[in-house]
Amino acid sequence: MSTKDTVWPEGVARHVLPSVDSTMNEAARLAPGLSGSTWIFARVQTAARGRRGRAWRAPEGNFSATLVMRPEGGLAQAALYSFVAALALEAALSHVAGPHARLAIKWPNDVLLDGGKVAGILLETLGQGAQLKLAIGIGVNLAHTPAPDTLESGAMVPVSLLEQTGMRVTPDDFLPMLARAFAHYDQQFRDYGFDAIRNAWLARAARLGEQITARVGGQTHHGIFETIDHSGALILREQQGTRAIAAADIFF
Ligand SMILES: O=C(O)CCCC[C@@H]1SC[C@@H]2NC(=O)N[C@@H]21
């Protein structure tokens, strides 16, 4: 690790907790009193959650944090931060794992390493109107993976950075790298809009141009993953035409 790795982005605050139920819950508790962007970081979470109400394991040695911030463009743009966060997470992991690590982003925001899920992102809005804030929760399997019997059928195989690369990175060391990468992509978004983020995201997308399956509610759609549109929706080319999918579980 070089001294540059520990540099903290200017104007961003952080709260460090030894243990918490969930950094998302702590974000909701603290948000009304926070004025600027703040990372809420915990060494252990006892009741962490994933997308769609799923449980998320967050033992000591894995990375757990939630960034509370004001989204550029308010509620309309808030969901686009899913892609900003995924790019930042991929960049921070690439920084620690090296340029040859096989990293990719699975739509919308899971980060894959060697084809397995190494990190997940959960977005929640807090407050309304002028008080609107976004909580971006990030969990990374730096050292541990959940036991196979805790996974839903069809879930991506979980992997850890340690097991795939042999790299030992502590959550405390990973936090400034991720915070810097996020500040970089957030600035890109503010300066150049979603197009810049979309292009960078597409360059790292898993299975772009390949056959995938999207499960939306009770319906299953098979097709070619063509692109993402300007709202971040996945464009699936089916035999009868293209379909824009705003939210789904994706299977390879
Ligand atoms: O892939 C997913 O389902 C998203 C997982 C998000 C987990 C992180 S860990 C930090 C933050 N606190 C939580 O309770 N969840 C998110």
Side-chain angles (χ1 to χ4, degrees), residues 14-31 34 37-69 78-79 81-90 92-93 103-113 115-126 133-148 150-161 169-172 174-175 177-179 181-182 201 206 214-215 232 234 247-252:
R14 72 184 127 176
H15 278 268
V16 175
L17 304 158
S19 176
V20 73
D21 51 355
S22 156
T23 55
M24 301 308 282
N25 294 350
E26 188 68 6
R29 291 188 285 261
L30 294 180
L34 299 176
S37 291
T38 305
W39 282 92
I40 298 164
F41 166 78
R43 300 205 174 93
V44 173
Q45 295 180 103
T46 54
R49 57 179 182 270
R51 286 204 301 272
R52 301 180 194 276
R54 293 173 184 130
W56 179 265
R57 280 193 67 243
E60 190 157 11
N62 280 0
F63 178 85
S64 302
T66 296
L67 172 65
V68 180
M69 48 123 25
Y81 272 89
S82 192
F83 300 91
V84 175
L87 279 173
L89 187 47
E90 193 271 348
L93 281 164
L103 288 159
I105 308 175
K106 176 173 176 270
W107 185 86
N109 58 22
D110 285 340
V111 179
L112 307 183
L113 175 59
K117 176 163 168 168
V118 70
I121 297 173
L122 176 65
L123 253 65
E124 291 177 357
T125 52
L126 303 170
K133 288 179 185 152
L134 190 59
I136 305 174
I138 299 182
V140 186
N141 299 332
L142 290 177
H144 312 284
T145 50
T150 62
L151 299 173
E152 285 181 7
S153 78
M156 292 297 292
V157 175
V159 296
S160 72
L161 180 75
V169 179
T170 68
D172 287 72
F174 191 70
L175 177 62
M177 298 182 214
L178 178 61
F182 188 92
W201 189 95
R215 205 168 290 158
L234 183 151
D249 278 325
I250 301 299
F251 301 90
F252 295 155

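Order of listing sets the numbers, starting from 1, for every ligand and every atom in it. In this text, all values refer to a predicted model and were calculated from it rather than measured experimentally.
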What's the shortest distance from [atom] to any protein heavy atom, and which residue and atom give it?
atom                    : answer
atom 16 (C) of ligand 1 : R49 O, 3.8 Å
atom 11 (C) of ligand 1 : T23 OG1, 3.2 Å
atom 3 (O) of ligand 1  : R51 N, 2.7 Å
atom 5 (C) of ligand 1  : W56 CE3, 3.5 Å

Is there a heavy atom of [X] sitting under 4.0 angstrom from any atom of ligand 1?
X    : answer
R54  : no
K117 : yes
A58  : no

In a check of ring-ring contact (aromatic ring centres under 6.0 Å, His included) between F174 and each of W39, F182, F63, which one passes?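 That would be F63; it is the only one of W39, F182, F63 passing the ring-ring contact (aromatic ring centres under 6.0 Å, His included) with F174.
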I'd like to know if the side chain of [X] reaches the main chain of [Y], judged simply by a donor and an acceptor atom lying under 3.5 Å from each other, with no hydrogens or angles considered.
X    : Y    : value
N141 : V159 : yes
K106 : L112 : no
Q45  : T23  : yes

With a heavy-atom distance limit of 4.0 Å, tell me whether [X] approaches ligand 1 through its side chain, its backbone, both, or neither.
X    : result
I138 : backbone
Q45  : side chain
T66  : side chain

With L178 as partner, the option from L93, L67, V140, I138 fulfilling side chain to side chain contact (heavy atoms under 4.5 Å, CB included) is I138
Interatomic distance, N109 atom CG to L123 atom CG [nearest 0.5 angstrom]: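 Reported value, rounded in 0.5 Å steps: 7.0 Å.
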Hey, what do you get for CE (M69) to OG1 (T38), rounding to the nearest 0.5 Å?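 Going from the CE atom of M69 to the OG1 atom of T38 covers 10.5 Å.
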Check D110 with K117, please: is the shortest side-chain N to carboxylate O separation under 4.0 Å? yes
Which ligand 1 atoms does [X] reach within 4.0 Å, using its non-hydrogen atoms?
X    : result
D110 : 1 (O)
G50  : 2 (C), 3 (O), 4 (C), 5 (C)
S22  : 12 (N), 13 (C), 14 (O)
A65  : 10 (C)
I121 : 4 (C)

Would you name the heavy atoms of A104 and A206 that are closest together and state the gap between them?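 What the structure gives for the nearest pair is CB-CB, 3.9 Å.
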What are the two closest non-hydrogen atoms of R14 and L175, and how far apart are they? CD-CD2, 4.2 Å
